[in-house]
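Report on the following structure.
Naming convention: chains lettered A, B, ... in sequence-line order (proteins, then strands); numbering from 1 in each chain.
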There are 2 protein chains.
Amino acid sequence: MVDIAEEGAPTLHRLRRELARGTAELAVLSILSSGRRYGYELLKLLQTAGAGVLEIKEGTLYPLLHRLEDAGLIASSWEVEGGRGRPRKYYSITDHGRGHLALLRAEWSELVEAMRALLDTLDGVHR
Amino acid sequence: MVDIAEEGAPTLHRLRRELARGTAELAVLSILSSGRRYGYELLKLLQTAGAGVLEIKEGTLYPLLHRLEDAGLIASSWEVEGGRGRPRKYYSITDHGRGHLALLRAEWSELVEAMRALLDTLDGVHR
DNA sequence: CCAGATACTTGGTACGACAAGGTATATGAC
DNA sequence: GTCATATACCTTGTCGTACCAAGTATCTGG
């Protein structure tokens, strides 16, 4: 009872996955560049920001955070707020991370510009 | 003998790879929407267009073309031009492919817009 | 005749995104 | 009292795509 022939909606999901690949790193570093946040907070932020386009799942975020920390781009510290339950792991961007973010942003700009040029040309916008 | 500390250049390559992922499909379909092309031609077009940002390798393009054809988004036909050597396999976009392209372009726009909003906000552009 | 451009193909590997599952604490519903 | 829900973090296995490397085949120029 699987929707093998039935399409349209499920495909869109796959599109987003592949198109948005690598975007998570840029998004997370960007947010952290404005201040420290904990994982769950990032999760919720990305869900609401950008109408869900930038949303990433737990199974994506936590491994990503660990990768970024291992690479020295971000740093973490556990914090147990008195009276609260589960302790939170706060992340903040490092200097190295800021440098990397600049690179990423430049790469992203180039990509967007290249795609824009390609699509516009074919559109006949210059017509 | 690995470049653990030594970095900067090789990383950039990986960055681009991940960021541009899924872009190939959009780029190829876009080009094909303006007329039929053969594989090698697409390869060269993508190398020159967009300052190499959209460049993909043979090992990426040909499997991609096969996937798109299997999905019914494009159609192919071999053509042996008299006097020429190696026959060429020309690809053209199908109606189904045009529909898919519209979806992809919409997805791409949403993603770009969401990232723009995120980056602008954090930039303090809004003061 | 062999190197290099043209032109398409395929097998193996790397890596990120995700689904699914697990741990743990607090709160409000029943 | 316990059950669902929200908060909060983590891990394992699977999948899809990009790439490297190598192979096939034709034509051109040194």
**OP:** Check every strand shown and say whether B:Gly39 touches a base, only sugar-phosphate, or nothing at a heavy-atom separation below 4.0 Å.
**Re:** sugar-phosphate
Original post:
Using a cut-off of less than 4.0 Å, is there contact between a side-chain N or O of B:Lys89 and OP1 or OP2 of C:dA7?
Top reply: no
Original post:
Which nucleotide in the set C:dC18, C:dG16, C:dT9 lies at the smallest distance from any side-chain heavy atom of A:Ile56?
Top reply: C:dC18
Subject >> A:Glu41 (side chain) donor-acceptor with A:Tyr38 (main chain) under 3.5 angstrom >> reply: yes
Original post:
Looking at D:dT7, C:dT10, C:dA17, which one has an atom nearest to any side-chain atom of A:Arg88?
Top reply: D:dT7
**OP:** Round to a whole Å and report the spacing from CG of B:Leu45 to P of C:dA7.
**Re:** 12 Å
Subject >> Nearest-nucleotide comparison on DNA chain D, the residue closer to the 5′ end among B:Glu58 and A:Tyr38 >> reply: A:Tyr38
**OP:** Give the rounded distance in Å between these two atoms: CH2 of B:Trp78 and P of D:dA25.
**Re:** 12 Å
**OP:** Can you figure out which of D:dA6, C:dG16, D:dT11 approaches the side chain of B:Glu18 most closely?
**Re:** C:dG16
Subject >> Which nucleotide in D:dA18, D:dC10, C:dC8 has an atom nearest any side-chain atom of A:Tyr62 >> reply: D:dC10
Original post:
Side chain of B:Thr60, backbone of B:Ile56: donor and acceptor closer than 3.5 Å?
Top reply: no
Subject >> NZ/NE/NH1/NH2 to OD/OE distance under 4.0 Å, A:Lys89 and A:Glu79 >> reply: no
Subject >> Rounded distance (Å) that lies between atom P of C:dA17 and atom CG of B:Leu111 >> reply: 12 Å
Original post:
A:Arg37 CZ to D:dT7 C1': how many Å, rounded?
Top reply: 17 Å
Original post:
Is any side-chain nitrogen or oxygen of B:Arg67 closer than 4.0 Å to OP1 or OP2 of D:dT17?
Top reply: yes
Subject >> Atom pair distance, as rounded to whole Å: CZ in B:Arg17 and C1' in C:dT13 >> reply: 11 Å
**OP:** Return no unless some side-chain N or O of B:Tyr40 is found under 4.0 Å from OP1 or OP2 of C:dT6.
**Re:** yes
Subject >> Spacing of CZ belonging to B:Arg21 relative to OG1 belonging to A:Thr23, to within rounding of 0.5 Å >> reply: 12.0 Å
Original post:
Between C:dT6 atom P and B:Glu79 atom CD, what is the distance in whole Å?
Top reply: 20 Å
Original post:
Do the side chain of B:Thr94 and the main chain of B:Gly72 share a donor and acceptor less than 3.5 angstrom apart?
Top reply: yes
Subject >> Closest to the A:Lys44 side chain, choosing from D:dC10, D:dT7, C:dA7 >> reply: D:dT7
Original post:
CG of A:Asp70 versus C1' of C:dG16: gap in Å, rounded?
Top reply: 15 Å
**OP:** Give the rounded distance in Å between these two atoms: CG of B:Leu61 and C1' of D:dT17.
**Re:** 13 Å
**OP:** Answer with yes or no whether B:Arg21 presents, from its side chain, a donor or acceptor under 3.5 Å of a partner atom in the base of D:dT17.
**Re:** yes
